[in-house]
Amino acid sequence: MAAMPGQMMQMPLLISSLIRHAARHSGDTEIVSRRVEGDIHRYTYRDAELRCRKLAQALARLGCTPGDRVGTLAWNGYRHFEIYYGASGSQLVCHTINPRLFPEQIAWIATDAADRVLCFDLSFLPLVEQLLPALPTVRHFVLMTDRSHMPAATALPNLSCYEDLIDAEDGRYSWPVFDENTASSLCYTSGTTGHPKGALYSHRSSVLHAYGAALPDAMGCSASDVILPVVPMFHVNAWGLPYSAPMVGAKLVFPGPFLDGKSLHELFEQEQVTFSAGVPTVWLGVINHLKCAGLKMSSLKRTVIGGAACPPAMRQTLENDYGVEVIHAWGMTELSPLGTLSKLGASHRHLPAEQRQHLLEKQGRAIFGIDLAIVGDDGQALPWDGKASGDLLVRGSWVIDRYFGDAGCPLRELDGEMWFPTGDVATIDTDGFMQITDRSKDVIKSGGEWISSIELENIAMAHPAVLEAAVIACRHPKWDERPLLVVVRKPGAELDRERMLAFYAGKIAKWQIPDDVIFVDEIPHTATGKMLKMKLRQQFAGHTLPDA
Ligand code: ADP
């Protein structure tokens, strides 16, 4: 017998519905931004939604048609927020680009995505001018500023002023209704090998992620919150907060490019921020500032820390000294990004304090919408006993199915289902708490940003005095991990640390250059000739970097 169809309305899950909802139901709630120019800008969801509609009109006037990519090089701010909605809401794809990458990489990403329009903050004008010859797909450049800050002369053809574009429109625009599986936004992640790869989110995946992220045992967003995302909007959509905040009607506070401890604390206090989110390195800066200046947090109640493991001491300091609850989270660009968060359940309340702390230090439990598995070397599922550790696989409504363009399908099969291999190694306990124990992918995560060890090795190998080179992650108190270069010199060749490091200048972003070089006689290999990085990591686990 055929199943009986339900009789409910079909209302597609569209990103525009989030901002529309906020404008209608929390119209007076504020969005506050520290601008690139340094001053504070404030307006409401009602104002924002009108400007998003005007932006949608302006992008159409520039010739954008459904599916076109609109690139952004921008900090967290209200204009970037408007592009999130104005572009995606009008069936364009909002493509956020990480401005911290090496210029050639930025150009490669914009060209791979075939960005038609590139919107950028004032701070990136010289960068975009420099990149112009390498941006063949971009037809229009939009400087996210007002008329008074426009440059008198520029090499950029078709450069528009963002505020002029908005002012020229009347806002008489209705958000279109279309298939919720339409692409909404695009974010590249640095791969372990080769070029970065794009994760192409859909309206459906983004709205479902916003629901999931807002749940009480996830980020727990509410209309009574004042939310300051420190995590950049060019880094996996600021972990979805620009979507979850309007969904619940929370006030939003954007810090612009000012991410040092002092600037952030000032904004926390001025705007009475209750909830924030960022990588451990950012919180280190905040804690240092609080300690040095003898300050307290008067309003901040909780923060999500993720992108790299949250050190237990950081949790204790924030909770015990400043009364800020730390929610440890794990995720990935390919997961939109939230996968797991560490919150206790009713049954954990009676555990001894030490055991509760131990659970909270793990990466946590999956949000509904995400499924986890761990597998051993034989590809078989491992038990959830908190001891067996294996490759972490995920599947779910906001996990990529394949990478953008022809960058491939990474999925693998387990028990008849397709799963995304995360490249992380983990245990899962009987209660479902996942803990990352290692990483099988060959990358280094410094201050929340990726550095490809293979790229660094290739550069070193190009040096005439280098026989073999390996790059491994070395623990660093501020950046969590920093690259350490291990080199075997060619017989008779001369090479010292300084000359080796100088060889990287101009070939890669400065912050990606290894911190130190160790010269060895030999690098250990597997039987098949692959470098045994695990062994190197063990060998140099105690190495202290020069500035650590
Ligand atoms: P994000 O930085 O937003 O998590 P990325 O795609 O840049 O997204 O990085 C994802 C990777 O970062 C994970 O696969 C994992 O290796 C690492 N990572 C993220 N969160 C944590 C965490 N809480 N603990 C340990 N590693 C983490």
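One-based numbering, in listed order, for ligands and for the atoms of each. We're numbering straight along the sequence, starting at 1. This one's a predicted model, so the numbers in the text were calculated from it and none came from an experiment.
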Taking M233's backbone N and O only, do any of them form a donor-acceptor pair with Y84's side chain (distance below 3.5 Å, no angle check)? yes

Protein residues that have a heavy atom under 4.0 Å from any atom of ligand 1, sorted by chain and number: H235, V236, W239, G307, A308, A309, H328, A329, W330, G331, M332, T333, Q363, D424, R439, K441, K445, W450

Residues that R34 engages under side-chain hydrogen bond (donor to acceptor under 3.5 Å, both in side chains), provided they are two or more places apart: E266

Just grab all the salt bridge (charged side-chain N to carboxylate O under 4.0 Å, His left out) pairs involving residues 399-421, residues at least two apart or on different chains. R395-E417

Can Y188 and D112 be said to form a side chain to side chain donor-acceptor pair (under 3.5 Å), step by step? CA-CA 10 Å; Y188 279 69; D112 187 64; 2.6 Å; yes

Are any side-chain N or O atoms of T437 and backbone N or O atoms of V425, one a donor and one an acceptor, separated by less than 3.5 Å? yes

Sequence neighbours excluded, which residues qualify as side-chain hydrogen bond (donor to acceptor under 3.5 Å, both in side chains) partners of Y504? none

